[in-house]
Participant: 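The structure's right below; bear with me while I get my questions together.
Atoms within each ligand, like the ligands themselves, are counted from 1 in listed order.
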Amino acid sequence: MSTADLILGIETSCDDTSVALVGRDGQVVACETVSQFDIHAEFGGVFPELASRAHLEAILPTVHKVMAAVGSDPARIRAIGVTRGPGLIGSLIVGVNTAQALGIAWDRPVYGVNHLRGHLRSPDLDVRRITYPALLLLVSGGHTLLCHLQSAVDVTVLGTTRDDSVGETYDKVARMLDLGMPGGPALDRLAVQGQPVHRFPRPMIRDGYEFSFSGLKSSVARLLEKDPGVDRADVAASFVAACLDVLGAKVRRAIAEYPSGSLVVVGGVAASPQIRALVEGICAENALIPCLPPLKWATDNAAMIALATWDYLENDAPKDLRTTPSLSLAAW
Ligand code: KG4
Ligand code: ZN
């Protein structure tokens, strides 16, 4: 007889339709992600109306594909977890409705999961990496957060951004440099070819744990306006250097104040080689274990949502399916 040892995760908060089957210890039995990259590329950003339509088309075929890994038999599904926020409302609704329908059809509990709690669990996919207490730096397109974690579910937010997120800033600066989409990786590649010769501001570097990136972004725009012929690789290198200085300073401050065993860095920007090198360096200096998700789990995926759902199940979290576009990390 088979046991119900897997959670089915569904992620549709932005522009990736993703479905996964994950066991209690983070073993990924299947994960399928359909990217909408080509649909949005011509708009230079995600077009919400088109995103929900594309999710609607992709979601059921993706569920079928993933379920094929268990012989299309729901017997091994213990529960279903679906992102309920933060994200685009129309996109979130497609995921939540699908999860509810599957829950009724299979008679399984359905948990509405916080996308940010998914990111925070991503380094424990495939192999357990995080040791608690830990410091968490979450750097994605939508969020910049520095947190202290007593456990996977006991989270204290130390600081967040007052304006743009790191990922958003990377994307906007990439656009100013005509690097196309996706901006972050292209900017990283250009930066390694240049020198950090421009001294851009390091906003709020001396103050606490809050972040601000809009001033840095404006400085880049002003330089490009004043000197259109400026070496673009040097601009990229100088911008990345400013971001790394700010992130590094805040993380070092938090390490001094909050004793921790590991430094967890998650979110799309954690795919950046420069950020990864910074984290390795800080961890070596402070005898911390660096916990970064493998590259494939750094960006949005349903495996991290399924793993987070195990925490919901084991902590008797509410089965809250209200879609919430601006859900904070403190919420279930
Ligand atoms: O976590 P994510 O996949 O989606 C959100 O939930 O926001 O993060 C997407 C962000 C984008 O801003 C993208 O430019 C950035 O992650 N990103 C990178 C890299 N790869 C993705 N930023 C810098 N360097 C990269 N290699
Ligand atoms: Zn994300």
Side-chain angles (χ1 to χ4, degrees), residues 9-18 20 31 33-37 40-41 44-46 48 51 82-88 91-92 95 113-123 125 136-145 160-161 163-177 179-192 211 213 216-217 236-237 239-244 246-247 264-279 292-308 324-329:
I10 297 179
E11 155 64 35
T12 62
S13 65
C14 190
D15 58 345
D16 290 307
T17 312
S18 187
C31 181
T33 303
V34 180
S35 162
Q36 301 178 4
F37 181 78
H40 303 292
V46 178
V82 57
T83 302
R84 74 175 182 99
L88 300 169
S91 296
L92 293 167
V113 173
N114 186 326
H115 179 82
L116 302 175
R117 286 181 181 263
H119 273 303
L120 117 72
R121 295 298 264 113
S122 61
L125 286 166
L136 167 75
L137 179 66
L138 192 158
V139 276
S140 72
H143 300 272
T144 304
L145 284 164
T160 182
T161 180
D163 38 62
D164 295 344
S165 71
V166 187
E168 210 176 344
T169 313
Y170 265 71
D171 292 339
K172 286 179 180 167
V173 169
R175 211 171 302 157
M176 293 177 205
L177 295 169
L179 296 176
M181 271 178 74
L187 185 58
D188 279 338
R189 283 192 297 274
L190 184 62
V192 294
F211 297 90
F213 290 99
L216 170 57
K217 179 189 68 186
F239 164 76
V240 170
C243 286
L244 295 186
V246 172
L247 294 171
V264 181
V265 183
V266 299
V269 186
S272 157
Q274 289 94 327
I275 299 256
R276 294 178 98 85
L278 172 76
V279 171
L292 291 116
L295 285 183
K296 66 174 167 176
W297 304 132
T299 49
D300 289 352
N301 66 84
M304 67 186 195
I305 302 302
L307 180 54
T324 309
S326 57
L327 194 62
S328 95
L329 177 58

Participant: Tell me which protein heavy atom sits closest to atom 22 (N) of ligand 1, plus the residue, atom name and distance to 0.1 Å.
Facilitator: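 Looking only at protein heavy atoms, the one closest to atom 22 (N) of ligand 1 is G184 CA, 3.6 Å.
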Participant: Tell me the closest heavy-atom pair linking A51 and V46, and the distance in Å.
Facilitator: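 That would be CB-CG1, 4.1 Å.
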Participant: Which of the atoms in ligand 1, numbered in the order shown and given with their element, are less than 4.0 Å from a heavy-atom of G167?
Facilitator: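 The list of qualifying atoms is 12 (O).
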Participant: Using a 4.0 Å cut-off to any heavy atom of A271, which atoms of ligand 1 qualify?
Facilitator: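 Per the distance check, 20 (N), 26 (N).
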Participant: Nearest protein heavy atom to atom 11 (C) of ligand 1, by residue and atom, and its distance?
Facilitator: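 Among all protein heavy atoms, the one nearest atom 11 (C) of ligand 1 is D171 OD2, 3.5 Å.
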Participant: Atom CG in D300, atom OG1 in T12: separation rounded to 0.5 Å?
Facilitator: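 D300 CG to T12 OG1: 10.5 Å, rounded to 0.5 Å.
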Participant: So, does D163 use its side chain to make a donor-acceptor pair with the main chain of T161 at under 3.5 Å?
Facilitator: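 Judged by distance alone, no pair lies under 3.5 Å.
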Participant: Can you name the side chain to side chain contact (heavy atoms under 4.5 Å, CB included) partners of I305, sequence neighbours left out?
Facilitator: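 With sequence neighbours excluded, I305 shows a side chain to side chain contact (heavy atoms under 4.5 Å, CB included) to E11, T83, V113, H115, T309, given in chain and number order.
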Participant: Specify the closest pair of heavy atoms between C243 and Y170, including all atoms of both residues, with the distance to one decimal.
Facilitator: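 The answer is SG-CE1, 4.0 Å.
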Participant: Between H143 and P86, what is the shortest heavy-atom contact and its length?
Facilitator: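 So the minimum-distance heavy-atom pair works out to NE2-CG, 3.4 Å.
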Participant: Going by the atom numbers of ligand 1, which of them fall below 4.0 Å from some non-hydrogen atom of D300?
Facilitator: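 Every atom of ligand 1 under 4.0 Å from some heavy atom of D300: 1 (O), 2 (P), 3 (O), 4 (O), 5 (C), 6 (O).
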Participant: Which residue from V269, L295, V46 reaches closest to atom 15 (C) of ligand 1 through any of its heavy atoms?
Facilitator: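 Of the listed residues, V269 has the closest heavy atom.
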Participant: Among the heavy atoms of H115, does any lie under 4.0 Å from an atom of ligand 1?
Facilitator: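 Contact present.
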Participant: Report yes if some N/O of Y170 lies less than 3.5 Å from some N/O of ligand 1; otherwise report no.
Facilitator: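 No; the residue has no nitrogen or oxygen that sits under 3.5 Å from a nitrogen or oxygen of the ligand.
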Participant: Report yes if some N/O of A298 lies less than 3.5 Å from some N/O of ligand 1; otherwise report no.
Facilitator: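 Among all N and O atoms of A298, none is under 3.5 Å from an N or O of ligand 1.
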Participant: Is the Zn ion (ligand 2) less than 2.8 Å from at least one N/O/S atom of H143?
Facilitator: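 Under 2.8 Å: H143 has no N, O or S contact with the Zn ion (ligand 2).
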Participant: Going by the order shown, which atoms of ligand 1 are within less than 4.0 Å of some heavy atom of H119?
Facilitator: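 Near H119, meaning under 4.0 Å from one of its heavy atoms, ligand 1 has 1 (O), 6 (O).
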Participant: The Zn ion (ligand 2) to C14: any N/O/S contact under 2.8 Å?
Facilitator: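 Coordinating: no.
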Participant: Considering non-hydrogen atoms only, spot the tightest contact between S35 and D16 and give its length.
Facilitator: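 The pair with the smallest heavy-atom distance is CA-OD1, 3.4 Å.
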Participant: State, to 0.1 Å, how close L120 and L329 come at their nearest heavy-atom pair, and which atoms those are.
Facilitator: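 Minimum heavy-atom contact is CD2-CD1, 4.2 Å.
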Participant: Taking atom 5 (C) of ligand 1 as the point of reference, which of G267, A174, G141 owns the nearest heavy atom?
Facilitator: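 Looking at heavy atoms only, the winner is G141.
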Participant: Can you tell me which N/O/S atom of D300 has the shortest distance to the Zn ion (ligand 2)?
Facilitator: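 Result for D300 and the Zn ion (ligand 2): OD1.
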Participant: Could you report the tightest heavy-atom contact between D188 and P273, atom names first, then the distance?
Facilitator: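 Between these two residues, the closest heavy atoms are OD2-CD, 3.6 Å.
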Participant: Is it true that a side-chain atom of T144 and a backbone atom of T160 form a donor plus acceptor pair closer than 3.5 Å?
Facilitator: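 Such a contact is absent between T144 side chain and T160 backbone.
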Participant: Taking S18 for its side chain and A302 for its backbone only, find out whether a donor-acceptor pair lies under 3.5 Å.
Facilitator: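 Checked: pair present.
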Participant: Is ligand 1 less than 4.0 angstrom away from at least one heavy atom of G142?
Facilitator: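 Yes, G142 has heavy atoms under 4.0 Å from ligand 1.
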Participant: Is T299 in polar range of ligand 1, meaning some N or O pair under 3.5 Å apart?
Facilitator: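 Not met; the criterion fails.
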Participant: Looking at D188, which atoms of ligand 1 are within less than 4.0 Å of one of its heavy atoms?
Facilitator: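 Answer, ordered by atom number: 23 (C), 24 (N), 25 (C), 26 (N).
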Participant: Using heavy-atom distances only, which candidate in G268, P273, P182, S272 approaches atom 17 (N) of ligand 1 most closely?
Facilitator: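 Closest candidate by heavy-atom distance is G268.
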